[in-house]
Amino acid sequence: MTQDIFAALRARAVEAMRNLLPDLPEEAFARVQMEPPRDLTHGDMATNAALVVAKPARQPPPKLAAALAERLAALPEVESAAPAGPGFVNLRLREGFLRAQVPAILAAGEGYGDSTLGAGRRVDVEYVSANPTGPMHVGHCRGAVVGDALANLLGKAGWDVTKEYYINDAGAQVLALAHAAYWRYLQALGTKLTEEEYAQSIQGGLQYRGDYLVPVGEALRARYGESLAEPGGMPAGPSHWLDTVRDVTVELMMQAIREDLAALGVRQDVFVSERALVAAGKLEEAEALLAARGLIYHGVLEPPKGKTLDDWEPREQELFRATQFGDEVDRPLRKSDGSGTYFANDIANHLHKIERGFSELVHVWGADHGGYVKRMQAAVAALSDGKVSLDVVLAQIVHVVKDGQPVRMSKRAGTYVTLRDLIDEVGRDAVRFTMLTRKSDAQMEFDLDKVVEQSRENPVFYVQYAHARCRSVLRGAGDPTAADLAAAPLESLADPAELALIRRLTAWPRTVEAAATAREPHRIAFFSMTWRATFMYCGTRAARTRPCDSFGGMNRKPQGPGWPWWLRRRRSSARASR
RNA sequence: GUCCUCGUAGCUCAGCCGGAUAGAGCACCAGAUUCCUAAUCUGGGGGCCGUGGGUUCGAAUCCCGCCGAGGACACCA
C-alpha cells in the first residue's frame with residue numbers, strides 16, 4: 001500500500017484508460033503522470049493520460065480526456081474530474097479523502113515518505129575524501145553535507161546505502177605531510193635546527209607549516225621517544241622513520257577529520273585507504289582485468305592543446321582505452337617511476353567497490369574535478385562490463401562572506417577557516433541546511449552573519465521557527481500523542497489553509513522519490529521551506545476566508561463568494577465614517 | 001583548441017528526467033494583525049526563461065549552432 005496518493009490516483013487513471021482501450025499494449029501507459037497542477041485553481045491533481053495515449057490509440061485527446069474524466073469522477077476519492085486544455089484531466093479530491101490522509105501520516109510517523117524505489121539495490125556513496133593532510137576547512141563542507149544528505153535521502157527512498165570515505169594516503173602530498181610532522185617531532189625532541197634549515201634539507205621544502213602538527217610531533221615523541229632521530233634531535237635517514245611517521249600522522253589526521261565530521265553530524269560507514277588498496281595488489285588486479293578485455297596498451301599521447309607545458313615531451317605510457325567508453329583521450333595508468341597514477345589507484349578503488357557488490361556508485365566531488373568524471377565512468381563501465389553505474393554529483397565552491405567581505409582562504413595569512421570554526425560560529429543545523437539551499441552545482445555565497453540572523457532573510461531560521469511554532473501548538477493542546485491526534489475529529493480541519501497544508505504534506509512521498517532519483521538533496525530543503533510557508537499561513541485570519549495555493553500564498557484571482565474580509569471591513573468602515 | 005557545469009524578475013535562486021497563463025525569497029510600493037510567538041500574513045509592480053534554429057499536439061525543460069560566466073584539460077591529488 002503506497003503512501004503516495006498521487007501514485008495511487010495515477011494507478012486509478014491507468015486502470016480506467018486500460019478499460020477504455022483494452023487493445024493497447026502496456027507500454028502505452030508508461031508515460032502517464034499524475035501530478036499537482038501548476039495552477040491550483042485547476043484542482044488537486046492533473047493527469048496527461050489522454051494526451052500520452054492518444055497517439056497509439058489513434059483517437060483525439062479531448063475525446064479520451066472526456067471519457068477518462070467521466071470514469072475518474074466516479075471514484076470515491078474524487079469530488080470532480082474535468083477535461084481541460086489540450087487533453088488534461090483535472091481532479092478535485094474530496095475533502096474527506098484529504099482529511100483521511102492525516103491519520104495515515106500520523107501512523108507512519110517519521111516513516112512517512114519512506115519509499116521502495118531503490119529496494120534491492122545497494123549504493124555506495126563516497127564523499128568528503130579530503131586529503132588527510134590537515135583539518136577540514138570550509139571548502140570541504142559542502143561536499144560533506146551534500147553527500148551525507150544524499151546518502152540519507154537514498155536510504156529513505158529504499159536503497160541499501162553505504163557511506164564511504166576514500167583516504168588519499170598514497171601520494172606525494174602525504175609524504176610531504178610526513179616530513180612536516182617529522183619536523184614537529186624533532187622540535188618536540190628539542191632540536192637545534194631552525195625551521196629553514198630543515199626545510200632546505202627536504203625535497204620540495206616544508207609544505208605543511210600549520211601548528212596543528214605540533215600535537216602530532218608530541219605524540220610521536222610520546223610513542224617512540226628518540227628512536228626515530230639521531231641524538232640531539234637531528235634528522236635521521238627517512239628509511240628509519242618515514243613509514244612510521246606517515247602512518248601515525250595519517251592516523252591522527254583521520255581521527256581529527258572524523259571528529260570534525262562528527263561535529264557536522266556526518267558519520268561514514270567505511271574508510272578505504274588508497275595505500276592499503278595498492279598494497280593489497282588491487283591495482284595489478286584491475287590492470288589484469290582491463291588487459292584481459294583488451295583495454296590497455298602502450299602508446300604516446302598528443303600534447304594537450306591550448307595549454308603550453310614547458311616540460312612536455314613525447315613519452316610512451318601505459319594507457320587505458322577510455323575513448324571506447326566516451327572519454328576524449330585514453331588515460332595513463334603509470335607514472336614514469338612505475339607507480340600508479342591517481343587515476344589508476346582510483347580504478348583500484350572502484351574495482352574494490354564493484355567487488356563488494358554495489359550496483360550503483362555515487363560520488364560527490366568538488367566542481368574542479370569535473371574533468372575527471374568521464375574517465376572514471378569509463379573505468380567503471382569497463383570494470384563492471386556496464387553493469388554498475390557511477391553518478392557524480394559536483395559541488396561548487398562556497399564563497400564565505402563575513403561583514404560583507406569575502407573571506408579569503410589562506411593558510412599563511414591566518415584567514416584559513418576550519419570546518420570546526422564554522423560550526424562553532426553558526427551551528428551544525430544552520431551549516432547543513434544552508435548548504436542545501438542551492439543546487440549543489442550552483443555557486444553559493446555563505447554569509448556568516450546571515451545564517452545566524454533571526455530574520456526573514458534567513459531560511460534556516462524560517463524553518464526552525466516553523467518547527468518551534470508546531471511545538472508551541474502541540475504544547476497549547478496539552479502535548480497530545482500521535483494516536484490522540486489521529487483520533488481527533490477530522491471534520492474540524494475545514495479551513496482552506498488547513499486543507500492546503502494536508503495537500504502539501506501529501507506531496508512529501510513523491511518529493512522524496514524525485515529528489516532521490518535526481519540525486520538532488522536540495523529539493524528536501526526546498527520542500528521544508530514551502531511546507532513552512534503553508535503552515536505559517538494556517539491560523540492567519542485571511543486563511544479562513546480565501547483559498548490558499550501550495551506555496552502558502554493566495555491565488556491571484558480570488559474565487560468563491562463574497563469579498564475578502566478586509567475589503568468588507570474597509571467598505572463598512574468607510575460607510576460608517578461617512 | 002577540447003570537454004564539463006551554468007545562463008530564468010533589480011538581487012539570490014526553484015521549476016518535480018516535455019505539459020495548461022513560468023514561480024518563491026529578498027528588495028521596492030501598498031495594506032492587515034483583540035486570535036497557536038508581530039520571529040506573522042496579504043496585495044501590487046516587475047521576466048522575448050542568454051541568443052538563433054530544430055524535434056512535436058506542446059520546449060525554460062530534449063538536440064545543434066552562436067554569445068557570455070566559471071572550471072578542468074599527460075607521469076597533481
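So you know, we letter chains A, B, ... as the sequences are listed, proteins then strands, and number each from 1. Because only heavy atoms are used, hydrogens play no part in the values below, and waters and symmetry mates are left out as well, while side chains stay in.
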Which pairs of donor and acceptor atoms, one on a side chain in residues 364-379 of chain A, lie under 3.5 Å apart (sequence neighbours left out)?
unit_1	atom_1	unit_2	atom_2	d
A:Lys374	NZ	A:Glu328	OE2	2.9
A:Gln377	NE2	A:Leu390	O	3.0

Requested in this report: May I ask you to verify if any side-chain N or O of A:Lys55 is less than 4.0 angstrom from the OP1 or OP2 atom of B:C57?
Outcome: yes
Requested in this report: For A:Ala84, report the nucleic acid contact type (base, sugar-phosphate, nothing); a contact means any heavy atom under 4.0 Å.
Outcome: base
Query raised in the report: Would A:Phe461 pass as stacked on B:A39, i.e. its ring centre under 5.5 Å from the base's six-membered ring centre and planes under 30° apart?
Result: yes
Query raised in the report: Heavy atoms under 4.0 Å, any strand shown: does A:Gln464 hit a base, just sugar-phosphate, or nothing?
Result: nothing
Report task. Identify, residue by residue, the members of residues 364-380 of chain A with a heavy atom below 4.0 Å from RNA chain B, and return them in order of residue number, or none. Result -> A:Ala367, A:Asp368, A:His369, A:Gly371, A:Tyr372, A:Lys374
Requested in this report: Would you say whether A:Phe88 stacks on B:A20? The test is a distance between ring centres of less than 5.5 Å and an angle between planes of less than 30°.
Outcome: yes
Report task. May I ask you to verify whether the side chain of A:Arg510 and the base of B:C16 hold a donor-acceptor pair under 3.5 Å? Result -> yes
Query raised in the report: Is there a donor and acceptor pair, one atom on the side chain of A:Asp169 and one on the base of B:A77, closer than 3.5 Å?
Result: no
Query raised in the report: So what does A:Ala46 hit on the nucleic acid, given a heavy-atom distance under 4.0 Å: a base, only sugar-phosphate, or nothing?
Result: base
Report summary line: Within residues 514-524 of chain A, the residues having a heavy atom closer than 4.0 Å to RNA chain B are A:Ala514, A:Glu520, A:His522, A:Arg523
Query raised in the report: How close do A:Ala149 and A:Arg432 get, heavy atom to heavy atom, and via which atoms?
Result: N-NH2, 4.2 Å
Query raised in the report: Within a strict 4.5 Å, meaning less than it, do heavy atoms of the A:Glu274 and A:Ile167 side chains meet?
Result: no
Query - Under 3.5 Å on both distances, the Watson-Crick or G-U partner of B:C11 - result: B:G25
Query raised in the report: Are A:Arg331 and A:Phe343 in a cation-pi setup, meaning NZ or CZ lies under 6.0 angstrom from the ring centre and within 45 degrees of the ring axis?
Result: no
Query raised in the report: Rounding to a whole Å, what distance do you find between A:Trp531:CH2 and B:G25:C1'?
Result: 17 Å
